[in-house]
Amino acid sequence: RQVRFVLVLFLISFLFSCNHEKEEVSGTITMKEHKLIDEYDGLLHSVKDIDSLYFFTDKYEQMLLKKEAPPEVLVKLYHRAANKFYAYSKYEVAKEYFQKAEQTYLMAGDTLMSIKMRGNQAVLLDLQGHYKESIKTFLEISDYFQKTNDTLPLAFAYSNIGVIYEEMKN
């Protein structure tokens, strides 16, 4: 339990401590798209049950896809949905949305955030007991951080690998 708490703590600190600049942003976000994301954010804070979360997330995703919203808008929905499903301990669904966010960040030209979404997926794999897959994913993202000489996220990846090995030992 304590090891998992530390792992989650690392995840949270990782998500909020790393500032970065977008590599390249394409497309523009309209006021309607901004309004839809703001509405979704408001709903996320008021949703009290998992069924409503499924319903509203699907509804807003379909609306944005129908409007052919740019990746910069879609990724906000996917990332926020993943975090909310994670908070409800719906790890499989959270992983699905982190995967969508990963791919959409790539389309938006934000490689760093895409890699961070892979890190979130690695944490979820660990929480589900898929230790080898989690370690493999952390090793993949550590390669990126080594190449970019980004030491804080690199330390995050390696410390999580250590935590996973400790869990496997117990």
Side-chain angles (χ1 to χ4, degrees), residues 1-25 37 40-41 44-45 47 49-50 53-54 56-58 60-61 71-170:
R1 293 270 178 216
Q2 289 176 345
V3 172
R4 287 183 190 263
F5 175 76
V6 170
L7 187 64
V8 171
L9 188 62
F10 278 130
L11 169 69
I12 292 168
S13 66
F14 176 67
L15 289 176
F16 295 107
S17 66
C18 302
N19 294 328
H20 73 286
E21 294 182 28
K22 280 189 179 175
E23 294 166 2
E24 230 178 89
V25 177
I37 290 297
Y40 181 71
D41 278 344
L44 281 181
H45 296 297
V47 166
D49 65 279
I50 194 70
L53 180 59
Y54 281 114
F56 286 119
T57 300
D58 184 58
Y60 278 84
E61 180 181 18
E72 296 84 5
V73 174
L74 277 170
V75 78
K76 290 179 182 186
L77 173 94
Y78 295 147
H79 194 164
R80 291 169 182 158
N83 287 330
K84 191 69 170 186
F85 281 111
Y86 173 82
Y88 273 101
S89 299
K90 296 296 182 187
Y91 300 139
E92 269 311 307
V93 182
K95 189 169 79 173
E96 174 187 329
Y97 279 99
F98 279 129
Q99 288 169 341
K100 286 181 178 186
E102 175 192 355
Q103 294 304 312
T104 310
Y105 273 122
L106 279 177
M107 286 191 301
D110 196 340
T111 306
L112 179 59
M113 284 304 294
S114 175
I115 296 295
K116 287 182 179 184
M117 295 302 101
R118 292 276 296 151
N120 292 338
Q121 292 169 56
V123 169
L124 291 171
L125 287 166
D126 173 48
L127 290 172
Q128 294 174 308
H130 304 293
Y131 302 124
K132 289 181 182 178
E133 289 176 65
S134 182
I135 290 170
K136 180 180 177 223
T137 304
F138 276 122
L139 287 171
E140 290 169 0
I141 66 172
S142 69
D143 286 343
Y144 172 83
F145 293 126
Q146 279 181 324
K147 289 176 186 167
T148 60
N149 200 26
D150 200 346
T151 56
L152 183 62
L154 182 61
F156 163 79
Y158 284 136
S159 65
N160 277 293
I161 291 169
V163 168
I164 295 167
Y165 275 119
E166 186 65 29
E167 286 179 10
M168 289 170 61
K169 197 167 89 173
N170 294 334

Are any non-hydrogen side-chain atoms of L44 and L53 less than 4.5 angstrom apart?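 A side-chain contact under 4.5 Å exists here.
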
Inter-residue atom distance I37.CD1 - L74.CG, 0.5 Å rounding: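 Atom-to-atom, I37:CD1 and L74:CG are 7.5 Å apart.
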
Ion pair present between E92 and K95, side-chain N to carboxylate O less than 4.0 angstrom?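 A salt bridge links E92 with K95.
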
Go through the structure and list residues passing ring pair (Phe, Tyr, Trp, His ring centres under 6.0 Å) with F56, not counting sequence neighbours.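 Expected list: none.
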
Report yes if the side chains of R80 and K84 come closer than 4.5 Å at any heavy-atom pair, otherwise no.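 Not in contact.
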
Roughly how far apart are I164 CD1 and E166 CD, rounded to 0.5 Å?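 If I round to the nearest 0.5 Å, the distance is 12.0 Å.
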
Non-hydrogen side-chain atoms of Y88 and V93 separated by less than 4.5 Å: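 No, their side chains stay 4.5 Å or more apart.
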
Kindly check if the number of other-residue, nucleotide or ligand heavy atoms within 6.0 Å of OH (Y165) is above 12?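 12 or below, so no.
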
Looking at CG of D110 and NZ of K116, how far apart are the two atoms once the value is rounded to the nearest 0.5 Å?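 NZ of K116 is found 8.5 Å from CG of D110.
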
Taking the side chain as every heavy atom from C-beta outward, state whether T148 and Y144 have any atom pair closer than 4.5 Å.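 Contact flag for T148/Y144 side chains = yes.
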
Does the pair M168 and I135 meet the rule for a side chain to side chain contact (heavy atoms under 4.5 Å, CB included), with working shown? CA-CA 11 Å; M168 289 170 61; I135 290 170; 3.8 Å; yes

Should V163 and F138 count as side-chain neighbours, where that means a heavy-atom distance under 4.5 Å?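 They are not in side-chain contact.
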
Just jot down the ring pair (Phe, Tyr, Trp, His ring centres under 6.0 Å) partners of Y158, sequence neighbours excluded, or say none.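 For Y158, no residue satisfies ring pair (Phe, Tyr, Trp, His ring centres under 6.0 Å) once neighbours in sequence are set aside.
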
Write down the atom of T104, the atom of P71, and the distance for their closest heavy-atom approach.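 Heavy atoms only, the tightest pair is CG2-O, 3.3 Å.
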
Taking all atoms of both residues into account, what is the closest heavy-atom pair of F85 and T57, and its distance?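 Where F85 meets T57 most closely, the heavy atoms are CE1-OG1, 4.1 Å.
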
Under 3.5 Å, is there a donor-acceptor pair linking the side chains of Y78 and E102?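 The answer is no; no qualifying pair exists.
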
Could you tell me whether the side chain of F145 reaches within less than 4.5 Å of the side chain of T151, counting heavy atoms only?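 Side-chain contact under 4.5 Å: no.
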
Where do A157 and S142 come nearest, in terms of heavy atoms and distance?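 Scanning both residues completely, I find the closest heavy atoms to be CB-CB, 4.1 Å.
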
Check whether Y97 forms a cation-pi arrangement with K100 (NZ or CZ under 6.0 Å from the six-membered ring centre, at most 45° off the ring normal).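 Yes.
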
If every non-hydrogen atom of H79 is compared with every non-hydrogen atom of A101, which pair is closest and at what distance?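 Minimum heavy-atom separation between H79 and A101: N-CB, 4.1 Å.
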
Please report the interatomic distance OH(Y40) to CG(L77), rounded to the nearest 0.5 Å.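 Result: 5.0 Å between the selected atoms.
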
S134 (side chain) donor-acceptor with H130 (main chain) under 3.5 angstrom: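 Such a contact is absent between S134 side chain and H130 backbone.
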
pair D143-Q146: side-chain heavy atoms closer than 4.5 Å: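 Side chain of D143 against side chain of Q146, heavy atoms only: contact under 4.5 Å found.
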
